[in-house]
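Below you'll find the structure, written out as structure tokens, and then a few comments.
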Amino acid sequence: MVWLTGLSLVVAMSMIIGLLAIVFLNGVVTFWPRQLDLVEMTGGDSLLGVAVREEAYSASPGKRIEIESRVASGELPADVMTEDGRLVRRLYMVGNKEVLPQPFRWVDIADIASIEHPVDATLYERMAWGAWIGKPEAVLLVQQKRVPVQGEGEGPALEGTTQTRWGERRFERDQLEFAPDEDGTVLVRERVFAAEGTGEARRLFNELHPEAAKRRAVIEHIKKHDIGRVNLGLEQARLRQREAELRRDDIIVRERARLDRALEAHERGRLSEARLAAARERFDRRRAELDAAVEAAQAERERTDALLDAEYKEILVEIATIEEYDDQYRVLIRDVTTGNFAPLAQTRPDEPLRISQVVRAITGNDLTFGQRVGVYFSRWWEFVSEDPREANTEGGVFPVIFGTVMMTILLSIAVVPLGVIAALYLREYAKQGAVTSVVRIAVNNLAGVPSIVYGVFGLGFFCYTVGRYIDAGPTNPWSPGMWFIGLGGTVVVVVGAILSQMFSKPVPGKALKLRHKLLGWSTFALWFGSVALVVTLVATTPFFKGFFRAGLPTATFGTKGILWSSLTLALLTLPVVIVATEEAISAVPRSLREASFGCGASKWQTIRRIVLPRAAPGIMTGMILAMARGAGEVAPLMLVGAVKLAPELPFEPHFPFFHLERSFMHLGFHIYDLGFQSPDSEAARPFVWTTTLLLILIVALLNLTAIAFRARLRRRFVSGAF
Amino acid sequence: MTSSASATGPTRSTIGAAARGSDRAHTVDSMNESGGFTVIEAIRNGQPFKPAVHESLAQESPIVSVRDFSLYYSDVKALFNIDMGVPRGKVTALIGPSGCGKSTLLRSINRLNDLIAGVRVEGDIFIDENPVYAPNVDVIELRKRMGMVFQKSNPFPMSIFENVVYALRIDGERRRGVLEEACEKALRGAAIWDEVKDRLSESGLSLSGGQQQRLCIARAIAADPEVLLMDEPCSALDPIATLRIEELIGEISQKYTVLIVTHNMQQAARVSDYTAFMYLGRLVEYGRTSDIFQTPTLPETEQYVTGRFG
Ligand SMILES: Nc1ncnc2c1ncn2[C@@H]1O[C@H](COP(=O)(O)OP(=O)(O)O)[C@@H](O)[C@H]1O
Ligand SMILES: [Mg+2]
């Protein structure tokens, strides 16, 4: 038996360790800069790329026989085939999406004539279109400028040399204008070869690249923040105008009803002509007032629009200025297979790449170990601090980490108080009996409900019911009269509940009477009814029109969002917290409670000062479990909030800071998206591992923080100093 | 159910139960002709009997008066028509074999038994003239008039200072000066000030067992209670710590009325002025400690205090 139990423990442990090891190993190697192979093939073809992995496959019989014979004759080494006669092939990451048919390419080992590792082979990570692998040939300064024609009827000099910062350099020009203007100049596009030859080009590229990257960052910042601010202003102005219109429509409806009543009364002869005229006059006056308000809002909006438009144009000019400057600096990198150079854009194959389009250049064959480590960590840093690019297969996952952490924190903020209060009631206040047992069993079983069910509930209840209510108010409001009757009824029920509760309290030390039992049940029923009535009243109030009506039909809260996700997961993890808290509370020694009561403390004082602090570590355990479960949950999030690519973070560094209505990115969902929804699964594969590793690390980190905090709490109860 | 005593309230002259008994049809005298344990037999057979309450008690004025008090744990009766007064400013010991209801009686006085579901009482208890079990009694106020020390020391998981001032804190006292003064006074009163005065901010759990118990005593007297209830306060302590506590009880009794439950005959003899002997939920004999230990009226009491029965 000892062997059996030990064995199963070993099996379980090795599975867990194996899982972690696989994730860790695969995740850790992704960013290590690898060698670039220049592969010459027997067919004369060649490629430059990074070897990804090898596999054996069943080739066509013809090919197989041919290769077998070549192996037999000793022309090829034996390791191009496996023992069972399958061919070995190797996958190369070759990048260069604009010019190559596939960014990944399988090569038969048998077809490889030679492999070299040229020192100047470089992998360029680009802002768009993925990696470009090639050799830098030149750094160019490209400019459009007017130059004088050389003589009457002739064009300008199309080749020559010119003085640059780096000395005398060769240039080439394309003539763009053929008729010279009055001062004898024509427009040309000039390419100055600031550096030529691989070594020179690499050196100059490295010199120019930091500046270029800074310019790119500046432009990005302007686009994101300044243009974002303008757009926000425009949107707010639109909303203000819409609000004025909605308000007018609301009031006009009420006023018209009032006028109609007056008219009817007049017809019945119960309202004098003069009073009717007054009513008419009031209506017209109100309408004129409201129309004026709407017009004012409209004028205001036009004014803001004009202002913001001007600002927008200024920003565009600013961007254009930087871009024009930036546009000069180009780098010519040639693809080994096709001989094409890296283009500015796929649609402009004749223009070389801007230096600023390169994120990082990695000379995979020419790095010392220290440099490799440097590149490795800089890639990690980019991964955790940058936004994603290229359908999430490049760049970083900062918004994803942020979304995950924020969601987890929100979830704890929601679930801990709720769970603790529920557990306190169950353990400390509720009379222990059949009802509490049933509730306890129900809570425990909630933990077993499949998480997608919570997702469906969250979508239906939080997003579509509560969210829409917040956006647009009740869908079927009662008339004010009805509603006030309901309010009166509710007050009666609540008062009844309070009274019933007061009288149902048994006198301690005296026997429980039937009266108390009946009153206890009625208290329960009345409180239940009160809650139901209050909810109904809130849901049908004619006085609430929604906070975000002006934005409709675009939903604000009535759709996926981080708040709803957190609440859904809070619900999902509630049983964990309740169970843990109940256990912690019941583990508080009876003697401590008695001592507290003996000192004259009330029940609440005892709970607050003795029970809760003492149970805090246990409650923390519940929170840790809830966080761990919530942070890793994916299925419900797909319904209530996680998205593939969130345009904005749910937090902004200016008022009102938190945008809980926004959808967010989540590591778990990100893994799913990368692994199964990515258009380029080969490229996404390493990111799946790193993201998984990151998810594990973040969950571990969150837990460790909580555990450290709990350990501090615990120390108090053992002995020694605080 | 309402006893006649609770209707009229106790009177100073009737500290014992001597005045009662007339409404009992068959009271059994303490000793029958054969010299056997008639009271014990009566108790075992469920017959009424008259507890032996000494005359000496009549001279004392009671601060706590228990009047025809019975207590049930659900359906099990744990206390049977107890009648006794606890003399003001004296130390009174409750002795009796384990399970006889000493703790139950003690905890009935500050209504700590309310916390246990299914507890039901008959009769009443009075603190001075105030009923403890009247329907509109503020239990919290009541408990504030009494301090309680438990068998196992149970300091709160807080600093020593916070432990002592707990009762004041829950009363809403915030002034640091007042709290510090009360803390020092209570700690001095519990003869532990010199040991802990430099480490008031350390956890109360960092003290030794005996120190913890004295800390609990300090906590119990911090709010200046009228009565100090002690439930076997030394039974978990080593002899030296026990001795210190016993000395302490002697000092405390100059200011407070003490009702102490003890298992230890010598301890009862050493610390108390009066002793009540209980058996199976009944008060059996009650009198001056010297009388109970030297010249008890009932042979059962004699047997018990000399350790030959119980
Ligand atoms: N919480 C309780 N529930 C039910 N019975 C109890 C409870 N506490 C004590 N009793 C019973 O009441 C009787 C008296 O107990 P107790 O007052 O603790 O005795 P003592 O302190 O004299 O040893 C015992 O028979 C005991 O079993
Ligand atoms: Mg006891």
Side-chain angles (χ1 to χ4, degrees), chain A residues 427-434 436 502-503 505-513 515-517 520 584-618 712-722, chain B residues 1 71-72 107-108 110-122 124 132-137 139-159 162-163 166-171 199 201-207 216 219-220 222-223 225 229 231:
Chain A
R427 189 51 73 181
E428 296 280 330
Y429 288 100
K431 210 161 81 26
Q432 303 299 312
T436 45
M502 269 164 52
F503 288 107
K505 240 192 223 147
V507 184
K510 305 288 175 231
L512 208 62
K513 298 221 178 81
R515 177 174 63 112
H516 291 127
K517 268 200 184 139
I585 291 176
S586 53
V588 175
R590 206 192 153 78
S591 65
L592 285 185
R593 290 165 201 261
E594 288 188 339
S596 173
F597 285 120
C599 284
S602 66
K603 182 154 198 165
W604 172 239
Q605 283 169 329
T606 303
I607 289 176
R608 198 170 69 81
R609 288 171 185 269
I610 307 293
V611 176
L612 279 185
R614 176 70 201 217
R712 260 185 51 150
L713 283 177
R714 273 216 180 117
R715 233 174 300 141
R716 278 206 208 174
F717 307 125
V718 184
S719 69
F722 279 77
Chain B
M1 193 193 84
L71 185 140
Y72 302 79
R107 294 157 53 91
S108 298
N110 67 351
R111 285 186 68 165
L112 221 48
N113 283 328
D114 286 5
L115 304 180
I116 299 164
V119 165
R120 198 153 54 76
V121 302
E122 287 167 6
D124 209 337
V132 169
Y133 282 92
N136 52 358
V137 167
V139 180
I140 290 176
E141 279 308 314
L142 178 86
R143 289 191 191 133
K144 283 181 185 156
R145 297 173 63 181
M146 289 174 250
M148 183 140 185
V149 179
F150 298 81
Q151 182 167 356
K152 216 175 137 282
S153 63
N154 51 1
F156 297 132
M158 313 170 175
S159 68
E162 289 299 327
N163 257 291
Y166 185 79
L168 285 87
R169 276 242 191 263
I170 56 172
D171 239 358
R199 44 195 285 209
S201 60
E202 276 176 43
S203 169
L205 294 158
S206 63
L207 299 173
C216 292
R219 181 176 69 193
L229 306 172
D231 192 351

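Lettering follows sequence order; numbering is per chain, from 1.
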* Find the distance between CG (A:Leu592) and CZ (B:Phe156) and round it off to the nearest 0.5 Å. => 6.5 Å
* **Residue pair A:Glu594, B:Met148: steps toward the side-chain contact (heavy atoms from CB on, under 4.5 Å) verdict** => CA-CA 9 Å; A:Glu594 288 188 339; B:Met148 183 140 185; over 6 Å; no
* To do: Look at the side chain of B:Asn154 and the backbone N and O of A:Ser591, then say whether any donor-acceptor pair between them is shorter than 3.5 Å.
  => yes
* Looking at CZ of A:Phe597 and CG of B:Asp114, how far apart are the two atoms once the value is rounded to the nearest 0.5 Å? -> 10.0 Å
* Is atom NZ of B:Lys152 surrounded by more than 12 heavy atoms (other residues, nucleotides or ligands) closer than 6.0 Å? -> no
* Check whether any side-chain heavy atom of A:Arg593 lies under 4.5 Å from a side-chain heavy atom of B:Leu115, and answer yes or no. => no
* For chain B, find which of A:Ala601, A:Ser602, A:Gly598, A:Ala595 contributes the most heavy-atom pairs closer than 4.5 angstrom. => A:Ala595
* Between B:Tyr166 and chain A, which part of the residue has a heavy atom less than 4.5 Å away: side chain, backbone, both or neither? -> side chain
* Identify which part of B:Pro155 has an atom lying under 4.5 Å from any heavy atom of chain A, answering side chain, backbone, both or neither. => backbone
* **Interface moiety of A:Arg608 toward chain B, non-hydrogen atoms closer than 4.5 Å** => neither
* To do: Quick one: do A:Gln605 and B:Ile140 satisfy side-chain contact (heavy atoms from CB on, under 4.5 Å)? Show the steps, please.
  => CA-CA 11 Å; A:Gln605 283 169 329; B:Ile140 290 176; 5.6 Å; no
* To do: Using non-hydrogen atoms and a 4.5 Å limit, figure out which bit of B:Arg169 sits close to chain A: side chain, backbone, both or neither.
  => both
* With the side chain counted from C-beta on, respond yes when B:Arg143 and A:Cys599 share a heavy-atom pair under 4.5 Å apart, and no when they do not. => no
